[in-house]
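Only one structure is covered here, and it is reproduced in the block below.
Atoms within a ligand are numbered from 1 in the order they appear, just like the ligands themselves. Starting from 1, each residue takes its place in the sequence as its number.
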Amino acid sequence: RIGHGRFREHLNRIKLEDQNDCRYLTDELIPKLKDLFIKAGLYGVDLCKNNNKKIPEAIGVISGCVFLVTSFIFIPIVFGNDLIERELFPHNEFAELLAALLSICCMLLLGFADDVLDLKWRYKLLLPTVASLPLLVVYYVNFNSTTFVIPIPFRQWLGVSINIGFLYYVYMGMLAVFCTNAINILAGINGLEVGQAIVIAASIIIFDIIELRGDQFKAHTFSLHIMIPYLATTLALMKHNWYPSKVFVGDTFCYVSGMTFAVVGILSHFSKTVLLFFLPQIMNFIYSVPQLFHIIPCPRHRLPKYSAEMDLLQASRTVIAKKDLTFFRKIIVQVLTILRLIDKVEDKESITINNLTLINLVLIKLGPMSEDRLTVTLLALQCCCTLLAFLIRYPMASYFYET
Ligand code: UD1
Ligand code: MG
């Protein structure tokens, strides 16, 4: 018994601290392996620079693998106490962790396939749906709670809670699709994909730590066991992806990140809070809708345009021929103009507007700027949104829910 007690104490001490060691491993592996990616033809050209240097692409697969392997190695440690007394082993929690890792693992594979094969957009929407299935099955077996608590101001019409049944599973599947793609389309300048993922991961970790005191402490400990190795490996990736990027993270990283956030949101029951941390991504998605659904022409790349004379980035543009100006297109352009959300240049034959991304919007509002300054500005916006999210989640939550 004394032996077990000491073992437990030791386990608890090493659990969270040592998960951080995967940061050093990722940091060591990236420079060693990146030439292999170029040899395999996995490279891209930095479109915001004045050179044609080959930059290894899909390096997110390295950080993703280290993150997953670390999580696998830590399974016996996370469940160490329960492995000693096997009769009380928490099979439910174990299934949750395995399903979470399986979904993330699926996304790593599918993201890498996307980087290698450059899949069409319809597949990009299908892949996360398939990868979220293990998660949904475990949710069904373990919780199957499909009830939404209605915010206080709406209760007079809708009642205290509403059971949406099967639609809740559709919501969770869509959350996985949204989280993965939302990061992927707020991208294209050095350090932005990784930077936003770091801010979101740090926000979730802070939220988990605050909530450890509450009655949902088990769910938040589960979330921490996933988020800490994720954040550690992502910090190492950031070192190599920051301006000027020595590696590109690829769709692999965006998919793994999105699925990781969706997994903790769903299984730790705070998906609405996760969505609050995604405010800039939600704004970017809504702003992008006309181009994503090809109502407004959408070029292959919407990232900002590099101007060699100024050595600064400017908003990139798309051209709408006036003969193709359908009623629907006209309305969208007019609404965006009234809301001052586009920069429009018109001549006899065509209308030229900026590509509809948050990155270009910042460039229109604040003027051309250098790539690193643009990344810092967008990450500052992400941090402000996190502060707003905490404000909504804590002081303001009492207006909407009993806290
Ligand atoms: C998404 C965006 C696309 C954007 C691209 C940039 C939509 C619908 N799609 O496409 O508009 O241009 O991401 O990642 O919004 N690159 C850089 N600098 C960087 C990162 C990437 O120049 O810091 C370029 C490189 O050439 C790299 C390529 O972007 O090879 C990667 O693009 P990819 O991830 O394949 O584009 P999508 O995710 O399909
Ligand atoms: Mg991408």
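Under the ring pair (Phe, Tyr, Trp, His ring centres under 6.0 Å) criterion, Phe207 pairs with His220, Phe270, sequence neighbours left out.
Every pair passing salt bridge (Lys or Arg N to Asp or Glu O under 4.0 Å) that includes a residue from residues 244-262 is listed here, sequence neighbours excluded: Lys124-Asp251.
Below the 2.8 Å limit, the Mg ion (ligand 2) has as protein N, O or S neighbours Asn184 OD1, Asp251 OD1.
For ligand 1, the 4.0 Å heavy-atom shell takes in Gly44, Val45, Asp46, Leu47, Glu57, Trp121, Lys124, Asn184, Ile185, Ala187, Gly188, Ile189, Asn190, Phe248, Asp251, Leu292, Arg300, His301, Arg302, Leu303, ordered by chain and residue number.
The aromatic ring centroids of Phe253 and Phe248 lie 6.0 Å or more from each other. Separation of the Phe166 and Tyr171 ring centroids does not fall under the 6.0 Å cut-off.
Atom OG1 of Thr70 sits about 13.5 Å away from atom OH of Tyr230, to the nearest 0.5 Å. Distance CG/Leu237 to CZ/Phe67: 13.0 Å, rounded to 0.5 Å.
Remark: Met283 CE is packed, more than 12 non-hydrogen atoms of other residues, nucleotides or ligands lying under 6.0 Å away.
The residues Asp35 and Lys54 are annotated as not salt-bridged, no charged nitrogen and carboxylate oxygen being separated by less than 4.0 angstrom. Using a cutoff of 4.0 Å between basic side-chain nitrogens and carboxylate oxygens, Glu346 and Lys322 are scored as salt-bridged.
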